[in-house]
Amino acid sequence: MPVKLGKERLHDLINGNQLFLPRMNDKIRVRFAPSPTGGLHLGGVRTALYNYLFARQQGGQFILRIEDTDQTRYVPGAEQYILDTLAWCGIEPDESPEKPGAYGPYRQTERKENYLLYAEKLVKEGYAYYAFDTPEELEQKRKEIPDFQYNISHRAAMRNSLTMPADEVTKAFADHTPYVIRLKVPEGETIELDDMIRGKLQFQSNQADDKVLLKKDGMPTYHLAVVVDDYLMQISHVFRGEEWLPSAPVHVLLWKYLFGLENMPQWAHLPLILKPEGNGKLSKRAAAQSGFPIFAMNWTDPQTKELTQGFRERGFLPEAFINMLALLGWNNGTEQEIFSLPELVAQFSIARVHKAGARFDYEKAKWFNHEWLKKTAMSTIAPEIKNLFEAKGITVEDKATFIEVLELVKDRCTLLTDFVEQAHYFFQRPLQYDIAAIASKWTIEKNNFFIELIRSYSLLPYWELPDLENTFREMAAAHAIKIGELLLPLRIMLVGGKSGPGVFHIAALLGKEETLERINLNLSTLSKTQ
Ligand code: GLU
């Protein structure tokens with residue numbers, strides 16, 4: 001039987017036909033289902049990543065579904081931000097609002113009629129009911145009853161289609177009284193769930209409340225929408241954060257009532273990402289307090305205009321960000337820590353995802369970036385780093401030299417932003433020279449040495465590292481000055497400070513003219529301080 005989708009399928013539903021979509025084949029289809037409410041937390045990106053890795057490894061599909069039914073939390077721009085983040089991370093979906101496949105639409109607000117029909121079906125079959133309680137009435141109950149829940153114990157005392165006479169219900173509809181549809185949680189049932197990470201789990205139905213499935217505005221809640229869509233989109237596995245585990249029994253009940261559990265996806269609830277100290281979930285506030293990013297990329301709240309810096313803008317490479325996230329909850333059983341995306345695809349396994357929360361460690365995140373910088377060919381990221389130089393008012397003209405400089409200093413950099421700090425002096429004369437560090441030991445002999453060095457260097461036919469070094473060494477020997485006494489002055493004259501890569505390498509890249517000018521400049525300063 002061909003699978004019916006869209007209008008044709010809805011038509012069947014309206015006409016009371018049973019609607020069970022057989023899974024067409026054993027296709028692996030996983031989804032990342034974020035709500036567009038703001039910047040994407042690194043935990044969200046990890047969920048997307050694990051879904052992606054599994055899909056790629058199994059030859060399946062990775063779907064992006066935008067869960068935007070909560071209009072009060074909807075934030076304009078957040079959907080585009082999610083798409084941009086996935087693109088930056090290199091984990092782009094096979095199907096999404098931007099790239100619709102055969103199971104669309106991919107935004108829940110555009111699937112609104114579906115949910116209404118399924119909610120009505122639940123009511124018709126006795127698994128859900130209409131509730132007419134006003135916000136004031138609910139508030140009153142909360143005041144009267146501590147820890148009030150709309151559930152098995154209290155539903156009989158509320159205004160709903162289970163307690164109201166049929167004519168009153170009819171009248172309430174005729175009067176357009178606002179209502180919601182609630183799930184009628186069964187009494188005394190054990191709800192079972194087989195989690196790929198946590199094993200067999202049991203929940204007692206009496207502990208669940210009668211969740212709202214359809215809201216007053218006709219929009220579904222997350223619980224109804226997620227089940228209906230996972231079914232209609234033929235999702236085979238649901239990998240999502242542990243924070244959704246308490247909702248899972250409600251989802252299992254809905255799967256049972258709506259679809260007889262047929263084609264229910266396999267579940268896996270991913271471990272929480274904890275604060276560095278391990279005490280509780282890593283929140284935006286906790287990250288801000290500790291001074292590290294939590295969003296993948298910069299996020300500006302459209303209302304408050306508050307900017308929250310992302311990992312990208314802090315100077316992380318996507319490869320490092322992804323690598324670090326993959327290891328927050330998973331390892332391959334060896335000491336290996338550096339994995340490229342294709343390696344992760346090949347080696348990832350849900351069986352090796354652990355249950356315990358994973359501590360986020362910002363220092364370790366930086367370590368990943370440092371390792372990735374060392375592995376990365378600077379030609380691939382030079383344009384990005386050039387922008388960082390330009391943002392600091394430093395212009396870079398010669399591309400080849402720029403790349404050589406970046407290669408020279410990359411081992412000293414942890415974040416992309418460090419390149420400016422480590423290499424600015426190649427493109428801009430130092431604003432200050434640490435003359436004090438050499439002035440006290442300055443001698444007439446050293447002065448003579450450098451005067452002669454300028455002469456010898458200017459006569460060199462080639463400006464290359466070995467010539468520069470050899471000339472320098474030979475001259476030091478001829479002047480009977482220890483080379484160690486001369487290298488620091490040379491470095492300070494060229495760089496301004498004491499650090500940096502090999503000084504002859506620096507001189508080679510600075511070029512003859514600039515090297516000689518800097519030595520000259522400093523010699524005249526030194527002569528004034530004597
Ligand atoms: N919309 C939920 C979220 O924002 C999705 C949870 C799920 O994957 O079921 O994370």
Side-chain angles (χ1 to χ4, degrees), residues 28-55 61-75 78-79 81-83 85-86 91 93 95-97 103 105-112 114-115 183 193 195-198 201 203 211-213 215 219-255 258-259 263-273 281-284 294-296 299 325 329 350 353:
I28 301 289
R29 288 175 55 80
V30 294
R31 86 297 192 279
F32 174 48
S35 298
T37 55
L40 199 51
H41 184 291
L42 58 91
V45 185
R46 188 199 54 179
T47 300
L49 174 66
Y50 283 10
N51 275 286
Y52 171 90
L53 296 176
F54 184 78
Q61 272 132 8
F62 169 54
I63 290 121
L64 172 68
R65 182 174 72 223
I66 299 293
E67 303 213 326
D68 57 351
T69 57
D70 188 348
Q71 299 289 288
T72 58
R73 295 181 63 226
Y74 179 81
V75 176
E79 178 183 321
Y81 175 92
I82 292 165
L83 289 163
T85 299
L86 297 182
I91 52 173
E95 297 168 25
S96 72
Y103 300 83
Y106 291 82
R107 280 184 205 99
Q108 288 187 324
T109 45
E110 293 168 18
R111 305 170 66 87
K112 192 174 162 185
N114 285 11
Y115 311 118
L183 175 67
L193 182 145
D195 187 284
M196 291 171 82
I197 297 170
R198 282 146 222 279
L201 302 172
F203 301 86
K211 290 266 181 268
V212 172
L213 301 176
K215 294 179 283 188
M219 279 291 182
T221 56
Y222 157 66
H223 304 291
L224 177 66
V226 82
V227 169
V228 167
D229 287 342
D230 284 345
Y231 176 75
L232 293 178
M233 293 175 142
Q234 305 216 354
I235 298 303
S236 63
H237 297 75
V238 167
F239 302 146
R240 62 184 178 189
E242 185 184 321
E243 61 273 28
W244 301 104
L245 197 55
S247 306
V250 171
H251 300 169
V252 173
L253 280 178
L254 286 170
W255 269 97
L258 286 170
F259 312 116
N263 291 338
M264 185 166 76
Q266 291 195 54
W267 309 92
H269 290 87
L270 309 174
L272 289 179
I273 299 184
K281 202 175 150 183
L282 178 63
S283 62
K284 189 177 160 204
I294 191 148
F295 292 155
W299 167 255
L325 286 181
I350 278 286
V353 174

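Numbering of ligands and ligand atoms starts at 1, following listing order.
No hydrogens or angles considered: nothing links the side chains of Gln234 and Asn263 as a donor-acceptor pair under 3.5 Å.
Proximity of Arg111 to Leu232: side-chain heavy atoms (C-beta onward) are separated by under 4.5 Å at one or more points.
The shortest non-hydrogen separation linking Pro97 to Leu64 is CD-O, 3.8 Å.
Screening residues 30-41 for side-chain hydrogen bond (donor to acceptor under 3.5 Å, both in side chains) gives Arg31-Asp230 as the qualifying pairs, with residues at least two apart or on separate chains.
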Check against salt bridge (charged side-chain N to carboxylate O under 4.0 Å, His left out), Glu95 and Arg65: CA-CA 8 Å; Glu95 297 168 25; Arg65 182 174 72 223; over 6 Å; no
For ligand 1, what N or O to protein N or O distances fall under 3.5 Å?
| residue | atom | partner | partner atom | Å |
| --- | --- | --- | --- | --- |
| ligand 1 | 1 (N) | Ala33 | O | 2.8 |
| ligand 1 | 1 (N) | Ser35 | OG | 3.3 |
| ligand 1 | 1 (N) | Glu67 | OE1 | 2.6 |
| ligand 1 | 4 (O) | Ser35 | N | 3.4 |
| ligand 1 | 4 (O) | Ser35 | OG | 3.3 |
| ligand 1 | 8 (O) | Arg31 | NH1 | 2.8 |
| ligand 1 | 8 (O) | Arg31 | NH2 | 3.3 |
| ligand 1 | 9 (O) | Arg31 | NH2 | 3.0 |
| ligand 1 | 9 (O) | Tyr222 | OH | 2.6 |
| ligand 1 | 9 (O) | Arg240 | NH1 | 3.0 |

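Aromatic ring centres of Trp244 and Tyr222: separated by under 6.0 Å.
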